[in-house]
Structure formats: C-alpha cells, structure tokens
Peer 1: 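Take this structure first; my questions come after.
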There are 2 protein chains.
Amino acid sequence: MPPFSADDRDILAETSLFQDLPPEELAQLRASARPVHRPRGGYFFMQGDPLERMYLLVTGRIKITQLGPDGQQILLRALGPGSLFGVVVLTQAKECPVTAEALEDSTALSWTRADLMDCAQRCPTFALNALQVMAAHAQEFQERFRQLATERVERRLAHTLLRLASQAGRKLPEGVLIDLPLTRQELGEMAGTTQYTVSRLLTQWESQGLIYAGRERIIIRHPHGLVSLAEG
Amino acid sequence: MPPFSADDRDILAETSLFQDLPPEELAQLRASARPVHRPRGGYFFMQGDPLERMYLLVTGRIKITQLGPDGQQILLRALGPGSLFGVVVLTQAKECPVTAEALEDSTALSWTRADLMDCAQRCPTFALNALQVMAAHAQEFQERFRQLATERVERRLAHTLLRLASQAGRKLPEGVLIDLPLTRQELGEMAGTTQYTVSRLLTQWESQGLIYAGRERIIIRHPHGLVSLAEG
DNA sequence: CGCACCTTTGAGCTCGGTCAAGGGGCGTGG
DNA sequence: CCACGCCCCTTGACCGAGCTCAAAGGTGCG
C-alpha cells in the first residue's frame with residue numbers, strides 16, 4: 001500500500017503551512033509523511049509525552065485539551081480534516097504541552113521534528129509559513145484571553161459557537177451545523193464555564209429560535225442573532 | 001550622533017531572536033536599526049495602527065494592552081529593557097492588534113517589516129528564532145487562558161506576581177522587587193480581576209508577611225509562600 | 001499647597017458555580 | 001427485536017466568590 005493517496009496530495013497543497021514550497025520540498029514532505037490512525041477515544045499524543053511529531057488531520061475529528069495541575073481540563077481547540085496539530089514540534093520544546101484525542105475514528109499524516117527542521121533549514125518559505133501559523137495561534141489565544149477576562153459567560157459562549165461555526169461549519173437548509181460531536185461539558189471547557197450553564201443558555205437560545213440544540217449537535221439558525229449577543 | 005552605542009551591540013547579541021546569526025546579518029541588522037524614544041505615557045504604536053515596525057526595548061518600561069470592543073482593557077504584558085515587542089510584524093497582519101505604551105521614558109531600537117523579512121529570507125536561523133519567539137507567546141497565552149478559565153482570583157494574582165518577578169524581578173536584601181511601576185488597576189487587568197480585589201488580596205498578603213505592597217511597587221518577601229498559594 | 005491619581009475599605013448584590021435528582025437517547029448484548 | 005445500562009442532557013435550589021458602587025485616606029508632583 002502506498003503511504004498516501006491522491007487525496008493526501010490535495011490536502012498538502014491546501015494546507016497553509018505548505019503553501020508556495022518548491023516542488024522538490026513538497027515531494028520530500030510527501031515521502032516522509034507517515035499515516036497514523038486512531039479510533040474514537042484514542043490519543044495521537046498526551047500532555048507530557050516526549051514531543052516527536054506534527055500531524056495533519058486527514059479524516060475524522062479531534063480535540064486538543066490541556067490539564068491543569070489539579071486535574072481541571074480545558075478544551076483549547078476542536079479540529080476537523082485539513083487541520084494541523086502538534087505544530088509546537090517545530091520549536092525546541094521537549095514535552096507535549098497538550099493532549100490530542102480523537103472524537104471520531106481519525107487518520108492523520110505525521111512528520112518527525114527532524115524532517116520538518118531540515119525542511120525549514122533549506123527552505124525559508126517553509127519557516128515563514130510556520131511563523132504565520134504560530135502567530136495565528138498566539139493571536140487567537142490573546143483574543144480568547146481577553147474575552148475570558150472581560151466578557152460574561154453568555155457572550156463567551158456565543159463567541160465560542162460562532163468560532164466553531166467558522167472553523168467547522170457545514171451549511172444545511174436549516175442553518176449552519178457545527179460539524180463536531182461536542183458535549184455540553186466540552187463546550188463549557190471551551191468557553192470557560194460549566195456544563196450546567198451551557199445547557200441553560202442553549203435551552204434559552206433554542207426557545208428563542210436562534211439555534212437548534214441536540215445531543216452533541218448544534219445548528220445555528222440565525223447567525224446574526226448570535227453575533228448581536230456576542231458583540232452586545 | 002551614531003545610531004547606536006556599544007550598549008546596543010550587547011543588547012542585540014543578548015536577544016534570543018538574534019542568536020546564532022552570521023556576523024554579516026547581525027551587522028546588517030545593526031545598520032538598519034532605528035532608535036525611537038517615547039516619554040512616559042507615550043505610545044510606540046496603538047491598536048489599529050498600520051503595522052510597520054518591530055521594537056527592542058533598550059531603556060525604560062512599557063506595557064502591552066488590548067482594548068475590547070466595549071472599551072474594557074486588559075494588560076497582556078509589561079516589559080523592561082531587552083524585551084522585544086511588535087514581533088507580529090513578522091507576519092502578514094496589516095494592523096497592530098495591541099497598544100504599546102511607555103510606563104517610563106523609554107528608548108527602543110526598531111526595524112521595518114521589509115528589513116526583517118529580507119533577513120528571514122536569507123537566513124533560516126533567523127526565521128527559526130522568530131518561530132521560537134512566537135511559539136513561546138502562544139504557549140504563554142494558552143497557559144494563561146487555562147489559568148483564567150479554571151483558577152480562582154487569588155491563585156491567578158499569585159501567578160501574575162510570580163511571572164512578573166521572573167520577568168522583571170530585581171534582587172533586594174528584603175526580597176524580590178517587581179521592577180515595573182504597575183498600579184492595582186493594571187495588576188487587575190493582567191490577572192483578570194478588579195483593582196478592588198487586587199488591593200484586598202495584596203493587603204492580606206502583606207499582613208501575612210508574604211509581600212511588601214507599596215504605591216506602584218511590590219516586593220516579594222517569601223516567593224515560596226506565593227508559590228504555594230499559586231499551586232494550591 | 002493643591003490637585004490628580006493611586007489606594008483602601010465597607011456594604012450590597014448578582015452571576016454563575018455547585019450539588020442533587022431525574023429524563024432521555026443510543027449502542028450493545030442477549 | 002427488545003432491554004439494559006451508560007452517558008448525555010435538563011432543571012431546580014442554594015450560595016458564595018468576587019464585582020459594583022460609594023466614600024474617604026495617601027502620596028507625589030507641579
């Protein structure tokens with residue numbers, strides 16, 4: 001079996017980290033990619049593991065979580081096909097700072113630190129792309145930090161839903177489906193609140209016709225309504 | 001007047017972004033550096049400005065703040081000599097996402113995006129260094145995001161003081177001075193709380209002998225005491 | 001000396017976290 | 001196909017950490 005299919009080629013070409021690379025570098029990266037599969041509930045890596053690989057999700061859904069010293073968990077990101085994770089391997093960090101768990105059966109391509117660092121050494125474009133990716137993360141978390149510090153739960157949850165919709169939204173006749181199987185608990189871990197508060201807010205918004213709230217399934221019926229909640 | 005002194009040379013060599021660069025690149029960077037001065041209360045850049053320059057603080061103190069859509073401000077970082085700011089100019093972002101204000105009379109060296117990008121194109125080491133810097137930011141804010149989402153005010157403020165001490169601490173016979181003129185208000189904006197709560201906690205800690213709390217001046221007498229508060 | 005701003009302290013209140021209980025959907029195994 | 005059980009979700013009641021508002025010292029600078 002070849003290590004990748006025609007689909008994988010598309011995925012590499014569509015990933016911002018690999019934009020504008022010379023063909024020989026792309027070929028090299030394709031050759032050094034290793035496919036990895038994890039069943040639902042499996043881990044690509046766990047917080048504290050030695051940091052060895054970067055991943056590009058091909059199929060499935062995963063979540064990135066971080067555990068506090070007292071066991072409180074937060075959900076940093078929930079990702080679908082085409083998303084990178086473990087980008088931190090491009091730095092000199094020794095341990096995984098987060099955990100990557102499959103929400104569904106998932107497959108990813110993966111590269112070792114050495115492969116990527118070699119590429120970065122040879123190809124400034126790659127290093128600069130990586131810089132963009134890192135900077136986007138830093139920006140996102142700065143922004144979420146501000147929201148958490150200054151905004152009420154209702155707004156934060158509205159922002160969370162809108163962000164999820166923009167990252168993993170699928171257009172349906174009824175509205176935009178958030179195409180990730182997230183529980184109330186997990187939404188709470190993203191927005192910085194509890195499952196109970198999430199449940200109450202979603203129920204309220206559903207009764208106002210803003211959303212449809214099902215089991216691990218949310219459809220946003222009136223995005224502009226949510227936006228006005230999120231912005232005040 | 002020459003554009004930089006012997007001190008400036010030391011500063012470049014000591015900055016992680018410029019580590020391990022070939023001598024000709026370093027020389028080029030020294031040549032393209034532009035000194036900038038701001039009085040207390042002045043701005044190096046403001047949120048929303050066109051993003052043009054990166055800065056390296058040579059003397060003085062500055063704070064990096066972000067303004068929410070409703071005018072709520074948070075303080076992201078407070079920096080002393082040797083610190084970089086405006087690193088985001090290395091990306092393709094068009095606007096400053098934050099404001100940099102001088103807490104004291106301050107001077108910095110600055111470079112344009114073009115100068116830096118040229119350097120990154122020629123020199124992979126520079127691009128990789130930049131990647132480390134960005135990654136460190138992303139990590140820090142991920143961590144602070146988790147703290148804000150999961151920890152009580154008391155712990156967050158303890159963490160904030162310890163972080164400030166590690167970044168801008170000066171050893172004194174009585175303890176570690178946080179060498180930044182921060183008000184209770186500003187500490188609150190860093191820890192995600194109000195000036196009132198900060199004041200109450202500092203008073204309490206002072207009465208326990210953990211710290212000395214003066215006007216825009218804090219000395220940590222028993223770091224390990226604060227650590228045990230911060231960690232539980 | 002006076003003013004601006006930093007800091008403290010008290011009183012009251014509210015958002016949202018905690019705890020407890022119960023309903024419901026889905027998958028699995030019989 | 002049905003039944004069981006696990007997990008997800010909802011709802012109510014309570015309550016407490018910390019925010020808000022108000023007022024009154026301090027402190028340094030012009």
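What you see is a predicted model; the values in this text were computed from it and never measured. Below, each value reflects all heavy atoms present in this structure, side chains not excepted, and no hydrogens, waters or symmetry copies. Below, read A as the first sequence line, B as the second, and so on, with proteins coming before strands; counting in each chain starts at 1.
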Peer 1: Can you tell me if the side-chain N/O atoms of A/T183 get under 4.0 Å from OP1 or OP2 in D/dC8?
Peer 2: no
Peer 1: Take A/R40 and A/T203, find for each the nucleotide of DNA chain D with the closest heavy atom, and name the residue whose nucleotide sits nearer the 5' end.
Peer 2: A/R40
Peer 1: What is the distance, to the nearest angstrom, from the CZ atom on B/R215 to the P atom on D/dC29?
Peer 2: 8 Å
Peer 1: Classify the nucleic acid contact of A/Q195 as base, sugar-phosphate or nothing, counting any heavy atom under 4.0 Å across all strands shown.
Peer 2: nothing
Peer 1: Determine, for A/R113 against A/E52, whether the closest basic-nitrogen to carboxylate-oxygen distance falls under 4.0 angstrom.
Peer 2: no
Peer 1: Taking CZ from A/R217 and C1' from C/dC26, how many angstroms apart are they, rounded to a whole number?
Peer 2: 15 Å
Peer 1: To the nearest Å, give me how far apart CG (B/L201) and C1' (C/dT8) are.
Peer 2: 13 Å
Peer 1: Expressed as a whole number of angstroms, how long is the span from B/Y196:OH to C/dA11:P?
Peer 2: 16 Å
Peer 1: In terms of side-chain geometry, is the basic nitrogen of B/D70 or A/R155 positioned less than 4.0 Å from the acidic oxygen of its partner?
Peer 2: yes
Peer 1: Pick the closest DNA chain C nucleotide for B/R152 and for A/R152 by heavy atoms, then say which residue is nearer the 5' end.
Peer 2: A/R152
Peer 1: Please check the phosphate of C/dG17 (OP1 and OP2 only) for any side-chain N or O of A/T193 closer than 4.0 Å.
Peer 2: yes
Peer 1: Whether A/T194 contacts C/dG17 is assessed here as follows: a side-chain N or O lying under 4.0 Å from the phosphate OP1 or OP2. Is that the case?
Peer 2: yes
Peer 1: Give me the ring orientation class for B/F45 and B/F85: parallel if the planes are under 30° apart, tilted from 30 to 60°, perpendicular past 60°.
Peer 2: tilted
Peer 1: Any carboxylate oxygen within less than 4.0 angstrom of a Lys/Arg side-chain nitrogen, looking at B/K63 and B/E186?
Peer 2: yes
Peer 1: What is the distance, rounded to the nearest whole Å, between atom CD of A/Q204 and atom P of D/dG12?
Peer 2: 13 Å
Peer 1: Out of C/dT8, C/dC19, D/dG18, which has the shortest distance to the side chain of B/S199?
Peer 2: C/dT8
Peer 1: Report the nucleotide, chosen from C/dC6, D/dC9, C/dT18, that has the shortest atom-to-atom distance to any side-chain atom of B/E216.
Peer 2: C/dC6
Peer 1: Distance check needed: C/dG16 P versus A/E154 CD, whole Å only.
Peer 2: 8 Å
Peer 1: Give the rounded distance in Å between these two atoms: CG of B/L157 and P of D/dC19.
Peer 2: 11 Å
Peer 1: Just to confirm, is there a sub-4.0 Å distance from OP1 or OP2 of C/dT7 to any side-chain nitrogen or oxygen of B/R184?
Peer 2: yes
Peer 1: In whole angstrom, what separates B/E151's CD from D/dA17's P?
Peer 2: 16 Å
Peer 1: Does a donor on one side chain and an acceptor on the other come within less than 3.5 Å for A/E143 and A/Q139?
Peer 2: no
Peer 1: State whether the distance check finds a donor on one side and an acceptor on the other, under 3.5 Å, for side chain A/R200 versus base C/dT18.
Peer 2: yes
